[in-house]
Amino acid sequence: MGLFITLEGPDGSGKTTTMRLLEEKMKQSGIDFIKTREPGGSPISEKVREIVLGIGNEEMDPRTEALLIAGARRQHVVEKIRPALQAGKTVLCDRFIDSSLAYQGAGRGIGIEEVLNINLFAVGETLPDITFYLDVDAATGLERIAASRGREINRLDKEDISFHDKVQKGYKEIMAMFPSRFKRIDANRTPDEITDEILKLILERLS
Ligand code: TYD
């Protein structure tokens with residue numbers, strides 16, 4: 001079985017830049033991997049992403065949101081993640097189950113345990129081996145969110161500061177629930193420093 005790696009972080013943690021740079025460095029290191037993302041990652045799941053993140057679907061109920069994302073996740077796991085892992089490939093996934101626990105469970109207030117249950121139903125045994133959490137100071141994170149406000153387009157980006165605050169606190173709780181799987185990464189540094197540390201940890205796990 002290949003190694004299943006997920007990257008998590010609140011909005012403003014620099015996850016997009018980290019993901020791009022990490023992909024480059026993993027390629028240079030000769031790691032046999034696929035990169036994917038959530039919500040999405042397979043054709044059906046990308047269609048669900050459009051529904052979930054689309055501007056204009058503001059009337060969506062929180063549980064509907066959680067179920068749609070979990071449904072998209074199931075399809076992604078079955079169609080793409082599991083086959084890659086079974087072929088011995090490393091899988092690098094931009095957001096996964098913990099995003100649902102943080103955003104829907106904590107952010108939307110459904111409850112982490114409830115969202116965990118529907119997600120375990122969705123993914124079965126396919127859980128990440130390592131989850132890198134990009135930990136950013138609340139103030140820095142909020143600054144970055146404010147700075148990127150103009151270009152963000154998805155429905156969740158439009159949520160207010162208190163939502164993002166709940167998401168960050170949720171992630172802390174989730175890390176405490178799964179201490180062996182989570183690696184906290186100090187994201188108050190340059191993208192190069194952040195990705196070098198992650199790459200080093202991945203190479204250690206692979207050797
Ligand atoms: P994206 O544009 O990929 O944002 P980011 O750069 O922050 O990853 O949009 C993903 C959004 O979807 C993000 O706001 C978090 C949200 N999301 C959930 O609410 N629940 C989930 O399970 C996942 C995977 C994402």
Side-chain angles (χ1 to χ4, degrees), residues 4-23 35-42 44-55 57-58 60-77 80-81 91-112 114-123 126-128 131-136 140-171 174 185 187 191 194:
F4 184 16
I5 304 166
T6 59
L7 191 64
E8 294 280 352
D11 295 79
S13 60
K15 198 172 53 54
T16 305
T17 312
T18 302
M19 192 72 193
R20 188 168 33 76
L21 207 57
L22 181 61
E23 186 188 6
K35 186 197 81 166
T36 190
R37 69 156 181 191
E38 289 212 340
S42 76
I44 293 170
S45 313
E46 289 288 335
K47 286 184 192 161
V48 179
R49 179 188 176 97
E50 282 172 32
I51 298 169
V52 171
L53 297 182
I55 304 286
N57 288 337
E58 273 72 23
M60 191 179 295
D61 167 79
R63 287 184 181 223
T64 306
E65 184 179 283
L67 288 163
L68 284 174
I69 295 173
R73 179 162 297 131
R74 167 83 194 162
Q75 190 63 30
H76 185 207
V77 162
K80 192 163 170 187
I81 296 176
V91 173
L92 173 65
C93 191
D94 184 351
R95 298 194 179 281
F96 194 64
I97 193 164
D98 304 301
S99 283
S100 284
L101 305 185
Y103 284 79
Q104 282 66 51
R108 297 286 192 221
I110 300 172
I112 291 173
E114 297 241 58
V115 176
L116 179 61
N117 286 336
I118 61 162
N119 274 279
L120 291 178
F121 175 73
V123 306
T126 309
L127 288 165
T131 301
F132 294 105
Y133 177 69
L134 298 179
D135 197 6
V136 69
T140 311
L142 293 181
E143 253 170 51
R144 289 183 188 165
I145 293 172
S148 62
R149 269 282 138 109
R151 60 180 172 77
E152 296 293 6
I153 33 124
N154 86 48
R155 200 164 57 80
L156 281 116
D157 290 325
K158 286 173 58 187
E159 288 297 332
D160 64 14
I161 296 306
S162 76
F163 176 80
H164 292 296
D165 196 46
K166 282 188 248 173
V167 169
Q168 261 204 351
K169 293 202 172 101
Y171 268 124
I174 298 154
I185 302 293
I194 295 169

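First listed ligand is number 1; within each ligand, the first listed atom is number 1.
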* Between I81 and F96, does a side-chain contact (heavy atoms from CB on, under 4.5 Å) hold up when you go through it step by step? -> CA-CA 11 Å; I81 296 176; F96 194 64; 3.8 Å; yes
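- Counting heavy atoms only, Q104 comes closest to atom 20 (N) of ligand 1 of the residues R108, H76, R49, Q104.
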* Kindly determine whether K15 and D94 satisfy salt bridge (Lys or Arg N to Asp or Glu O under 4.0 Å), including the steps that lead there. => CA-CA 8 Å; K15 198 172 53 54; D94 184 351; 2.4 Å; yes
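- The shortest side-chain heavy-atom distance between T18 and L7 falls under the 4.5 Å cut-off.
- Taking a cut-off of under 4.0 Å to the non-hydrogen atoms of Y103, the atoms of ligand 1 that pass are 14 (O), 15 (C), 18 (C), 19 (O).
- Side-chain N/O atoms of R74 and S45 include no donor and acceptor closer than 3.5 Å.
- Annotation for K80: atom NZ counts as buried by contact number, over 12 foreign heavy atoms lying within 6.0 Å.
- With a 4.0 Å cut-off on non-hydrogen atoms, L53 touches ligand 1 through its side chain and not its backbone.
- Shown in contact with D11 at under 4.0 Å from a heavy atom are these atoms of ligand 1, numbered in order with element: 7 (O), 14 (O).
- The closest approach between any non-hydrogen atom of R37 and ligand 1 is not below 4.0 Å.
- Every atom of ligand 1 with a heavy atom of T16 under 4.0 Å away is listed here by number and element: 6 (O).
- Taking only non-hydrogen atoms, the option from E38, R95, K15, E65 nearest to atom 7 (O) of ligand 1 is R95.
- Taking a cut-off of under 4.0 Å to the non-hydrogen atoms of S100, the atoms of ligand 1 that pass are 21 (C), 22 (O).
- Cation-pi geometry between R108 and Y103 is not met: the NZ or CZ atom fails to fall both under 6.0 Å from the ring centre and inside 45° of the normal.
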